[in-house]
Amino acid sequence: MSLQVGVLGYRFMGKAHANALARLPMFFPDAPDVERDVIVGRDEDALADAADRLGFSRTATDWRDVIEEVDVFYNLGPNHVHAEPAIAALDTGTPVFCEKPLAPTLESAREMRDAARDAGVPAGCAFNYRFVPAIRYARNLIDAGELGEIRHFRGTYLQDWLVDPDAPWSWRNDEGMAGSGALGDLGSHTVDLARFLIGDIERVSGHLETFVDERPVEGENETRPVTVDDAYSAQAEFENGAMGTFEASRFATGHKNDNRIGIHGSEGSLRFSLERLNELELHREGDRGYETVLVTEENDPYVDHWWPPGHVIGWEHTFVHENYEFLSAVAGETPTASRSESDATAGENDGEFTPGFEEGYAAQEVLDAIARSDESGEWVEVA
Ligand code: SOE
């Protein structure tokens with residue numbers, strides 16, 4: 001019996017997840033059967049074209065007509081559209097997969113987390129970078145004690161798409177719609193990776209900056225204010241005593257989607273960059289420099305589903321991995337076999353999916369604390 005999937009949103013993330021669903025039968029034959037049933041949006045012409053291109057059977061213009069009919073509801077809309085449809089779907093017992101960050105505000109994120117707790121069905125937050133084989137490999141090394149005691153986490157996420165002051169205004173520039181700018185859009189990924197690899201964050205000191213405070217509206221002869229940050233930086237203290245340095249910018253000329261992390265432990269270090277996502281750089285005690293490890297061996301996480309060693313994968317494969325795990329959880333399975341035996345997360349939360357709304361909310365608490373610290377000029381406790 002196929003899982004009928006309904007998806008709200010058909011642009012960038014709609015394409016990324018539709019592609020992932022289409023790949024599953026071919027590369028993850030033990031994944032549940034899934035039908036791309038209905039795609040939801042407001043513009044009926046654009047929607048019909050998207051349904052055709054992305055392989056959906058039908059379209060709808062109101063999510064309310066969909067959430068009880070489908071087996072799984074994907075909310076891939078802008079941040080301010082996440083809470084209401086997701087909570088309504090969960091209240092009817094429909095599992096939900098929601099793009100990050102969970103919500104524009106901590107309060108909405110809490111309402112979503114509580115709805116997921118009450119519903120008792122899988123509710124996923126699409127932090128896709130947890131599903132990069134090299135990131136899983138890094139987590140396995142840390143859990144195996146290969147880096148010793150962790151002293152430093154450094155996460156930077158650099159893009160350059162707003163450097164031009166005439167780049168058009170979008171919902172990502174509006175506090176009411178997005179909640180925050182680079183902080184929530186990019187910082188949420190870094191905070192989630194920090195929590196996945198190192199652990200919870202105790203307190204933060206944050207700085208947000210807006211460089212261009214109004215932008216032209218595409219196709220109109222008007223401008224709109226930018227009411228969110230163009231860049232943020234933060235210092236953090238982890239509960240385990242490690243020090244954290246966080247930064248994201250949409251003004252980093254020369255960087256397109258440069259999501260990097262660096263970790264220093266008492267016995268070694270590692271470095272990762274999304275622009276070289278098949279590689280992990282390792283430094284062990286006694287090494288003079290970093291060794292570049294190509295994480296494409298058959299027993300590396302997820303790799304055996306794709307190609308022989310060295311036949312590298314890309315950004316879109318991380319969406320296939322996260323959809324495989326999420327839909328398996330919806331079907332009540334836990335595909336630990338999909339990960340390598342050494343995968344530290346194998347068997348974690350059997351039948352559940354992480355990162356769920358709990359992790360989405362935990363990341364939102366850190367984002368909120370960074371913003372509050374920027375306002376107060378003081379360090380802020382996270383929870
Ligand atoms: C835009 O900054 C964006 O699409 C983010 O919203 C995604 O989460 C990130 O993966 C790529 O860049």
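Each ligand, and each atom within it, is numbered from 1 in the order the structure gives. Quick caveat: nothing in here was measured; it's all calculated off a predicted structure.
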Original post:
Could you state the interatomic distance from CG (Asp229) to CD1 (Ile370), rounded to the nearest 0.5 Å?
Top reply: 10.0 Å
**OP:** Would you mind checking which non-hydrogen protein atom is closest to atom 1 (C) of ligand 1, with the distance to 0.1 Å?
**Re:** Asp185 OD2, 3.2 Å
**OP:** Determine whether the aromatic ring centres of Tyr10 and Phe56 lie less than 6.0 Å apart.
**Re:** no
Original post:
Can you tell which part of Asn259 has a heavy atom less than 4.0 Å from ligand 1: side chain, backbone, both or neither?
Top reply: neither
**OP:** State whether Phe357 and Arg113 meet the cation-pi test: NZ (Lys) or CZ (Arg) under 6.0 Å from the six-membered ring centroid, and within 45° of the perpendicular axis.
**Re:** no
Subject >> Cation-pi geometry met for Arg139 and Phe196 (6.0 Å, 45°) >> reply: yes
Original post:
With respect to atom 11 (C) of ligand 1, which of Tyr157, Trp315, Trp161, Phe12 exhibits the smallest heavy-atom separation?
Top reply: Tyr157
Original post:
Numbering the atoms of ligand 1 from 1, which are under 4.0 Å from a heavy atom of Lys100?
Top reply: 5 (C), 6 (O), 7 (C), 8 (O)
Original post:
Nearest protein heavy atom to atom 12 (O) of ligand 1, by residue and atom, and its distance?
Top reply: Gln159 NE2, 3.0 Å
Original post:
So is Arg271 actually on top of Tyr290's ring, under 6.0 Å and inside 45° of the axis?
Top reply: yes
Original post:
Under 4.0 angstrom from ligand 1, any heavy atom of Arg172?
Top reply: yes
Subject >> Enumerated ligand 1 atoms positioned under 4.0 Å from heavy atoms of Leu186 >> reply: 2 (O)
**OP:** Can you sort out which atoms of ligand 1 are near His189, meaning under 4.0 Å from one of its heavy atoms?
**Re:** 7 (C), 8 (O), 9 (C), 10 (O)
Subject >> Subset of ligand 1 atoms that lie under 4.0 Å from at least one heavy atom of Tyr129 >> reply: 9 (C), 10 (O)
Subject >> Residue among Leu277, Val132, Asp300 satisfying side-chain contact (heavy atoms from CB on, under 4.5 Å) with Val295 >> reply: Asp300
Subject >> Heavy atoms of other groups near Glu107 CD, more than 12 under 6.0 Å >> reply: no
